[in-house]
> 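The structure follows.
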Amino acid sequence: MQQDVIIIGGSFAGLSAAMQLVRGQRKVTVIDAGEPRNRFADQSHGFFGLDGASPLAIQQETYRQLLKYPTASIVEGKASAVEKSAAGFNVTLEDGSTLHSKKLIIATGLRDELPNIPGLKERWGATVIHCPYCHGYEVRNQPLGVIASSVLSAHQAGMIPDWGPTTYFTQGLYEPDDEQRAFLMKRGVTIESTPVLEVLGRPPKISSVYLADGRTIYIAALFVAPKTHMSSPFAEQLGCEFEEGPLGLVIKTDDFQQTSVKGLFAAGDVSNPMQNATLASASGVMAGVGAHKSLMHD
């Protein structure tokens, strides 16, 4: 049976899209592989009305609400292949079954690539974090560090003093220019050019960072902006156009989240240059509305 819309990705963006569509009495299937980008965080912060709830709890409650609608279905599994057809789209699952829909929404999220520094990965989402609005309050008023990973890191370092005393570790690669240095000094940021070689302490806590010259500096939490990559190959396989985001490629969309491929929409971190749970949900809402609008005009 052909669905009106298949949504690949069952987190904030995908479920927000699904809710709009089922309320429009459209047949929707959400495919959820159970690997959201935020799975490393115990709590989601800054999301309206749900501050401090776990991402999993938010997802499960949304599942419950979504499945009250008779046109909604959820497949817990992984999509392995996608193709465009004359009637819309075919999505093959890992178990070999195939689903068909008129429209498709990709909400598969991004994969984060952290700098190759021992000790970062096992603390990711706890004391190694990327978004001060999402997690900064939980590590507030302690010595904080920013490990440079791009030309934007100096800007990030200028934000963090609102949460605690800040050291900007340039790694010897991303030194601030004169204007940036003046701003960082005005903000009270300590600039450290000796590279961090390792993060010390018993995870998830940090006791200090070990520098290339043998020194250690006490730091309670580190902000790192990881490079980002698409979590799935589907947008590329279907011929979507991409554009450069601050930390990696994102799928190019119009105001209704439609990609350069007719009938194909993208939502959440895959299409948002700026990324958090609220923005993911908002773009999901727009993708759902956009897909519904497209169905009306078929």
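Side chains are part of it too, since the values below use all heavy atoms of this structure and drop only hydrogens, waters and symmetry mates. In this text, all values refer to a predicted model and were calculated from it rather than measured experimentally.
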> Evaluate whether atom CZ of Arg140 has more than 12 neighbouring non-hydrogen atoms of other residues, nucleotides or ligands under 6.0 angstrom away.
yes
> Would you say the side chains of Ser208 and Thr216 form a donor-acceptor pair under 3.5 Å?
no
> Indicate yes or no: does Glu122 engage Arg202 in a salt bridge with an N to O separation below 4.0 Å.
no
> Does atom NE2 of His155 have more than 12 heavy-atom neighbours from other groups under 6.0 Å away?
no
> So, Ser73 versus Thr29: side-chain donor-acceptor pair below 3.5 Å or not?
yes
> Taking atom types as modelled and ignoring hydrogens, do the side chains of Glu175 and Ser193 form a donor-acceptor contact shorter than 3.5 angstrom?
yes
> For a 4.5 angstrom cut-off between non-hydrogen side-chain atoms, does Leu93 reach Ile31?
yes
> Any idea how His130 and Trp124 line up, ring-wise: parallel (<30°), tilted (30 to 60°), or perpendicular (>60°)?
tilted
> Taking side chain as C-beta onward, heavy atoms only, is Met274 less than 4.5 Å from Asn276?
no
> I'd like to know if Val22 and Val30 are part of one continuous hydrophobic network [Ile/Leu/Val/Met/Phe/Trp/Tyr, side-chain heavy atoms within less than 4.5 Å].
yes
> Does one side chain, of Glu192 or Thr167, offer a donor that lies under 3.5 Å from an acceptor on the other?
no
> Closest approach of Pro246 and Leu152, non-hydrogen atoms and distance?
CB-CD1, 3.5 Å
> With no hydrogens and no angle check, do the side chains of Gln257 and Ser271 hold a donor and an acceptor under 3.5 Å apart?
yes
> Does any non-hydrogen side-chain atom of Val196 lie less than 4.5 Å from one of Gln171?
yes
> Do Ser44 and Ser54 have side chains that approach each other closer than 4.5 Å (heavy atoms only, starting at C-beta)?
no
> Please answer: with hydrophobic residues joined when any side-chain heavy atoms are less than 4.5 Å apart, are Ile74 and Val5 in the same cluster?
yes
> Could you check whether Lys102 pairs with Asp4 (Lys NZ or Arg NE/NH1/NH2 to Asp/Glu carboxylate O, under 4.0 Å)?
yes
> Would you say Asn90 and Val82 make side-chain contact, with heavy atoms under 4.5 Å?
no
> Which heavy atom of Ser16 sits nearest to which heavy atom of Ser281, and what is that distance?
OG-OG, 2.7 Å
> Thr278 versus Phe48: any side-chain heavy-atom pair under 4.5 Å?
no
> Regarding Gln20 and His292, is there a side-chain donor-to-acceptor distance under 3.5 Å anywhere?
no
> Taking the six-membered ring where the residue is Trp, are the ring centres of Tyr174 and Tyr168 under 6.0 Å apart?
no
> Charged N to carboxylate O below 4.0 Å: is that the case for Asp162 and Arg187?
yes
> Say whether Phe40 and Val224 are linked into one hydrophobic cluster, either directly or through other cluster members, by side-chain heavy-atom distances under 4.5 angstrom.
yes
> Do you reckon Leu21 sits in the same ILVMFWY cluster as Tyr69, going by side-chain contacts under 4.5 Å, direct or chained?
yes
> Does Gln60 have more than 12 heavy atoms from other residues, nucleotides or ligands lying within 6.0 Å of its CD?
yes
> Can you name the closest pair of heavy atoms from Leu114 and Pro226 and give their distance?
CD2-CB, 4.0 Å
> Are there over 12 heavy-atom neighbours, none belonging to Asp213, within less than 6.0 Å of that residue's CG?
yes
> Can you name the nearest heavy-atom pair linking Ala280 to Ser283, along with the distance?
O-OG, 3.0 Å
> Could you check, using the six-membered ring where one of them is a Trp, whether Tyr133 and Trp163 have ring centers closer than 6.0 angstrom?
yes
> Return yes when atom CE of Met296 has more than 12 non-hydrogen atoms of other residues, nucleotides or ligands closer than 6.0 Å, and no otherwise.
yes
> Within the 4.5 Å heavy-atom criterion, are Val139 and Ile129 side-chain neighbours or not?
yes
> Can you tell me if CG on Asp298 sees more than 12 non-hydrogen neighbours from other groups inside 6.0 Å?
yes
> Hydrogens and angles aside, do Gln59 and Asp32 bring a side-chain donor and acceptor to less than 3.5 Å of each other?
yes
> Taking all non-hydrogen atoms of both residues into account, name the closest pair between Glu61 and Arg64 and its distance.
OE2-NH2, 2.6 Å
> Kindly indicate whether a cation-pi arrangement holds for Lys84 with Phe89, taking the cut-offs as under 6.0 Å to the six-membered ring centre and within 45° of the axis.
yes
> Using modelled atom types and a 3.5 Å cut-off, is there a donor and acceptor pairing between side-chain atoms of Arg39 and backbone atoms of Glu35?
yes
> Are side-chain heavy atoms of Val289 and Phe256 found at a separation under 4.5 Å?
yes
> Applying the side chain to side chain contact (heavy atoms under 4.5 Å, CB included) test to Ser11, which of Asn38, Ile58, Thr62 qualifies?
Asn38
> Would you verify whether the NZ or CZ of Lys103 falls within 45 degrees of the ring axis of Phe265 while also being under 6.0 Å from that six-membered ring's centre?
no
> Between Arg37 and Asp269, does any side-chain N to carboxylate O distance fall below 4.0 Å?
yes
> Can you confirm whether more than 12 heavy atoms, excluding those of Asp177, are under 6.0 Å from its CG atom?
yes
> Provide the closest heavy-atom pair for Gly158 versus Phe183 in the form atom of the first, atom of the second, distance.
CA-CE2, 3.9 Å
